[in-house]
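Structure record follows, encoded as C-alpha cells.
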Amino acid sequence: MSDPIVSEELELLERVSTVLERGPALTPPSESAIVEELERIREQLLRGVPDEFERSALNTRWNVQSALLNQLRSSRNAPRVDPASPYFGHIRLREGGRERDLCLGKATFLDHGLRIVDWRHAPIARLYYRYRQGEEYEEEISGRTVVGEVAARRTVSIRESVLERVDAPEGIFVVDDGNPELWKRIGAEARRLAGGEGAALRFHRGEDGAERRLGTDLLGTRRRADKRLPDIAGLIDPEQFGLITRPHSGFAAIRGAAGSGKTTVALHRIAYLAYEDPRIDTPETLFLVFSAALRQYVSHVLPALGVERVQVATYQDWAARLRRQLLPRLPNRVREDTPAEVVRLKLHPALLTALARHVERTPGKADADQVIDDWASVLGDEALLSEVLSERGAADFTPRELARAVAWCRERNGELRAWIEGDADAQAELDAEDDSLLLRTWQLRAGALPATDGRTLRYRHVAIDEVQDFSPLEVRILLDCLDERQSLTLAGDTQQHLFEHTGFSSWRDFFHELGVPGTEVETLQVSYRSSREITEFALAVLGDLRDVETPVVTTRSGPAVELFEFTDTGACVAFLAEALVELASEEPLASVAVLTPSRTASELYHAGLDNGEVPRLRLVTQQDFSFAPGVEVSEIEQVKGLEFDYVILVEVDDASFGDDAGGRRRLHVGATRAVHQLWLTSIGRPAAIARRAAEREG
C-alpha cells in the first residue's frame with residue numbers, strides 16, 4: 001500500500017496525463033484572414049485617402065489587426081506543457097472552505113479542471129514560493145486580494161510521465177529501485193546551509209576586538225557586517241612573510257592554489273616596500289587586477305595597510321585610458337561583435353614578434369600617425385603573421401582561420417581610415433585588445449610611453465594579480481614601464497586560467513615569451529580559504545589539469561559537497577529559496593554567491609529567488625559586488641579572486657561545463673569561491689566532471 005500522499009500524487013498525475021493525451025491539440029486559428037485584411041488596409045493607405053476621418057479609421061484598423069497578428073504569432077511560440085514532465089510543484093489552496101489544486105510547471109494549461117501554471121510568469125505561483133504548508137496567506141494577485149491557507153505543498157519528480165519522488169513536509173517518498181510499484185519513505189533529509197556565517201577571509205576583526213587567523217572557527221564571536229576590510233595583517237604565515245619581505249628590486253613571481261593568499265602577499269609586499277621607500281606609496285606604484293570586483297576590494301584593503309596613494313586599476317581601464325591619451329584621433333567605442341578567431345589573434349604571443357619585426361623592417365617617423373599605420377599594417381599582413389606563427393611550431397591557426405581573421409581586420413581598418421578622414425557614416429570601433437597592441441607599437445616605434453605630464457612613464461613597483469589571465473604582450477608593456485629597479489610582483493594560478501587565448505600555458509613558457517627566462521617562481525602550498533571537502537572536490541574537477549607543482553594543504557574540514565538534481569528549474573529555485581530564507585534567518589551576516597554559467601541564467605534565478613522573498617538578494621551585472629551579507633547572483637567569470645561563506649553553483653550540466661579544459665577550470669574557479677559550504681544543482685543529469693568529482697570527494 002502506498003502512503004496517502006503518494007496515492008494523491010499518483011492520481012493527480014494520471015488525471016493530468018489523461019487530459020494531455022486525450023485532449024484535442026489546441027492550435028491557433030489561421031492568420032490568413034488577418035494578413036489579407038492588413039494588405040487591403042495598406043493598399044488603401046498607399047492610394048491615398050483624402051478624408052482625414054477615414055484615414056484615421058484606417059490607421060486604427062491597421063493597429064488593431066497588427067496587434068491581433070502579433071498576439072496570434074506569439075501564441076504559436078508559447079511553451080507547451082510537456083507530457084513527459086508536466087509539472088514539478090503541487091499546492092492545495094484552501095479558501096473560504098473550498099480547496100483547489102494548483103500545479104507549477106514550465107508552461108500554462110487551464111482546461112478540463114486542471115490548473116498548471118508557468119512558475120516564471122503566473123502571479124499565483126508566488127504562493128508556492130512564499131508560503132509553507134500550513135501557513136496562511138494574503139496576497140494581491142491579478143488585481144484582487146486572495147486570502148487562504150496552503151493545505152498542502154509538495155515537490156515532485158516526474159520523468160517520462162512516471163512519478164519517481166515526492167518531497168513533502170511529512171517525509172520524502174521514492175520509488176523502490178527493484179519494484180516500481182512499491183514506494184518507500186526515506187524521511188526528511190538534512191539539506192541545510194549552516195555553520196559558515198562570517199567564515200570568509202574578507203571579514204573584519206570582531207567588534208569585541210577578537211582577532212582571527214586563517215582557518216580559525218568564528219562561531220560564537222561577534223561579527224561586523226562590512227566584509228571589505230579584513231584584518232589580514234594577523235593572517236600571514238611564515239611562508240607568506242618570506243615572500244612579502246623579499247628584496248625591492250627584481251621579480252617576485254608567486255603561484256598558489258585558490259585561497260593560498262596570493263593577493264594577500266602582493267598587498268602586504270607593497271606595504272612592506274612602502275615602509276622603507278616612501279616613493280612606493282605614490283602613483284608611481286601600480287596594482288593591476290583583472291576585474292572591477294577585485295579592484296574594489298584592493299582599493300579598500302590597501303588603505304587599511306597604511307598605503308593611501310597607490311594606483312589600483314583593472315588592466316583594461318589602465319590601457320584604455322593611456323591609449324586615449326596618446327592617440328586621441330582614434331574612436332573610443334569598443335566593438336562587441338568581434339569574431340573569436342580575431343580575438344585569439346590579437347591576444348596571441350606571436351604579435352609581440354610580428355610588431356617588432358614590422359617596425360624593424362619599416363622606416364617611419366616616431367609619431368602617432370606612424371604608430372597607427374604600423375598597428376593596422378601588421379594586422380593586415382597575412383604573410384608576416386603566417387611567418388611568425390610558423391616559427392613557433394604550433395598549429396594555433398589554420399590557414400583558413402588566419403585568412404578570415406586578417407580579412408576582417410582589413411575591413412575594419414578601412415572603416416577606421418574613413419572615419420579618421422571625416423566620414424561621419426563610417427562605423428569605426430576598436431576591440432578591447434587593440435589598446436594593448438597600440439601601446440606596444442608605440443613603445444617599439446616611439447620609445448617609452450609618456451605620462452600625463454609629458455615625462456616618461458616609469459613605475460617604482462608594479463603588482464599584477466591573476467596574471468594567468470593576462471597575455472604576455474600586456475605584461476611586456478608593463479615591464480617596459482618599470483624604472484631601473486625592475487620591481488615587479490606577479491601572482492597567479494594556472495589552475496584558475498579562464499581565458500584560454502591569452503597565451504599563458506605555464507610559468508616557464510610565460511617568462512620565455514616575455515624574454516626573461518630563468519625567473520624563479522615561489523609556491524604557496526597552504527590553501528586557507530576552502531575546507532578540505534571543497535578543495536578535494538575542486539582538484540578532482542581539474543583532473544590532469546591540476547598543477548602538480550602547486551601542492552595543496554588545507555587547514556580544516558567542513559560539510560560535504562552536495563550535488564542536487566532536479567527535473568525543472570522552477571523546482572530548483574523553490575528548493576534554493578527555502579534554504580536561503582532559512583539561512584538568512586539563522587545567520588543574518590552570511591555571504592552567499594549563487595553562480596550561474598550565463599547572464600540569462602543569472603537573471604532567471606534572481607527573478608525566481610526574488611519571487612521566493614529571499615532577503616538581501618542582489619543581481620550582480622558589472623562586478624559591483626557589495627562585500628556585505630546577503631545573496632548575490634552572478635556568473636562565474638565575475639567572481640575571480642573573491643570568496644563567500646557559501647557558494648551554490650547552478651545549471652551544472654555538460655552543456656555549460658563540458659569535459660574539456662575550459663569547462664573544468666570554470667567549475668574549479670566557481671567551487672573554490674566557497675569558504676564553508678558548496679552546493680551544486682543541475683536540471684537533469686549533472687555534468688560528468690561534477691559527478692566524478694562528487695563521487696571521489698564523497
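Every heavy atom of this structure was used, including side-chain atoms; hydrogens, water molecules and symmetry mates were not. Residue numbers start at 1 and run along the sequence shown. The structure presented is a predicted model; accordingly, all values stated were derived computationally and were not measured.
- When all heavy atoms of Glu632 and Phe627 are compared, the pair lying nearest together is OE1-N, 4.3 Å.
- Between Arg329 and Asp369, at least one side-chain nitrogen of the basic residue sits less than 4.0 Å from a carboxylate oxygen of the acidic one, meeting the salt-bridge criterion.
- Rounding to the nearest 0.5 angstrom, the gap separating the CZ atom in Arg279 from the OG1 atom in Thr285 is 9.5 Å.
- To the nearest 0.5 Å, atoms CG (Leu444) and CG (Leu439) are separated by 11.0 Å.
- Counting heavy atoms from C-beta on, the side chains of Gln370 and Asp374 come closer than 4.5 Å.
- With respect to the salt-bridge test (charged N to carboxylate O, under 4.0 angstrom), the residues Lys262 and Asp465 do not qualify.
- Side chain of Gln638 to backbone of Gln623: a donor-acceptor contact under 3.5 angstrom is found.
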**OP:** Apply side-chain contact (heavy atoms from CB on, under 4.5 Å) to the pair Val631 and Arg616, showing each step before the final yes or no.
**Re:** CA-CA 6 Å; Val631 180; Arg616 297 187 297 278; over 6 Å; no

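- Using a 4.0 Å cut-off between charged side-chain N and carboxylate O, Arg440 and Asp480 make a salt bridge.
- Counting all heavy atoms, side chain and backbone alike, Ser634 lies closest to Ser602 at C-OG, 3.5 Å.
- Pro349 is listed as a side-chain neighbour of Arg392, based on a closest heavy-atom distance under 4.5 Å.
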**OP:** Test side-chain contact (heavy atoms from CB on, under 4.5 Å) on Phe397 and Arg344 and set out the steps.
**Re:** CA-CA 9 Å; Phe397 290 86; Arg344 281 199 296 130; 3.8 Å; yes

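- A salt bridge does not link Glu360 to Arg357: none of the charged side-chain nitrogens sits closer than 4.0 Å to a carboxylate oxygen.
- Screening Arg665, Arg664, Arg666 against Asp659 for a salt bridge (charged side-chain N to carboxylate O under 4.0 Å, His left out) leaves a single residue, Arg664.
- Between Arg673 and Arg529 there is a side-chain heavy-atom pair separated by less than 4.5 Å.
- Without hydrogens or angle criteria, Ser390 side chain to Ser386 main chain gives a donor-acceptor distance under 3.5 Å.
- With rounding to the nearest 0.5 Å, the separation of NE2 in His606 from CZ in Arg599 is 12.0 Å.
- Figure legend: Arg412 and Trp408 shown as a cation-pi pair, the cationic atom lying under 6.0 angstrom from the six-membered ring centre and within 45 degrees of its axis.
- Note that the CG atom of Leu288 and the CG atom of Leu294 stand 11.0 Å from one another [nearest 0.5 Å].
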**OP:** Could you go through the side-chain hydrogen bond (donor to acceptor under 3.5 Å, both in side chains) check for Glu466 and Gln468 one step at a time?
**Re:** CA-CA 5 Å; Glu466 303 288 353; Gln468 74 276 356; 2.6 Å; yes

**OP:** Please lay out, stage by stage, how Leu649 and Phe657 fare under the test side-chain contact (heavy atoms from CB on, under 4.5 Å).
**Re:** CA-CA 11 Å; Leu649 295 169; Phe657 300 94; 5.7 Å; no

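- A 6.0 Å sphere centred on CD of Gln427 holds no more than 12 heavy atoms belonging to other residues, nucleotides or ligands.
- The shortest side-chain heavy-atom distance between Leu379 and Leu437 falls under the 4.5 Å cut-off.
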Original post:
Is there a side-chain hydrogen bond (donor to acceptor under 3.5 Å, both in side chains) between Ser626 and Arg618 once you walk through the steps?
Top reply: CA-CA 9 Å; Ser626 67; Arg618 296 177 290 273; 2.8 Å; yes

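- Shortest non-hydrogen contact noted between Asp281 and Gly306 is OD2-O, 3.7 Å.
- Between Ser291 and Lys640 the shortest side-chain heavy-atom distance does not fall below 4.5 Å.
- Under the 4.5 Å side-chain criterion, counting only non-hydrogen atoms from C-beta, Val289 is not in contact with Tyr297.
- Crowding of Arg333 atom CZ: a count of heavy atoms from other residues, nucleotides or ligands under 6.0 Å exceeding 12.
- Nearest heavy-atom pair across Trp419 and Leu330 is CZ3-C, 3.9 Å.
- Judged by distance alone, the side chain of Asp645 and the main-chain N or O of Ser591 form a donor-acceptor pair under 3.5 Å.
- Interatomic distance, Leu327 CG to Ile372 CD1, rounded to the nearest 0.5 Å: 5.0 Å.
- The existence of a salt bridge linking Arg335 and Asp431 is confirmed by a sub-4.0 Å separation between a basic side-chain nitrogen and an acidic carboxylate oxygen.
- Salt bridge present: Arg361 and Glu387 bring a charged side-chain N and a carboxylate O closer than 4.0 Å.
- Aromatic ring orientation, Phe470 versus Phe290: perpendicular (interplanar angle above 60°, classes split at 30° and 60°).
- Listed here is the closest heavy atom pair of Leu416 and Pro331: CD1-CD, 3.4 Å.
- Dense packing is recorded around CD of Glu382, with more than 12 heavy atoms of other residues, nucleotides or ligands lying under 6.0 Å away.
- Residues Leu449 and Ile477 form a side-chain contact, since some pair of their non-hydrogen atoms from C-beta on lies under 4.5 Å apart.
- Note: Arg460 CZ to Leu286 CG = 15.0 Å, rounded to the nearest 0.5 Å.
- The minimum heavy-atom distance linking Ser487 with His461 is given by the pair OG-ND1, 2.6 Å.
- Considering only heavy atoms from C-beta on, His358 comes within 4.5 Å of Ser377 through its side chain.
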Subject >> Stepwise side-chain contact (heavy atoms from CB on, under 4.5 Å) check, Tyr315 with Asp469 >> reply: CA-CA 11 Å; Tyr315 175 82; Asp469 282 322; over 6 Å; no

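- The backbone N or O of Val359 sits nowhere less than 3.5 Å from a side-chain atom of Thr362 that would complete a donor-acceptor pair.
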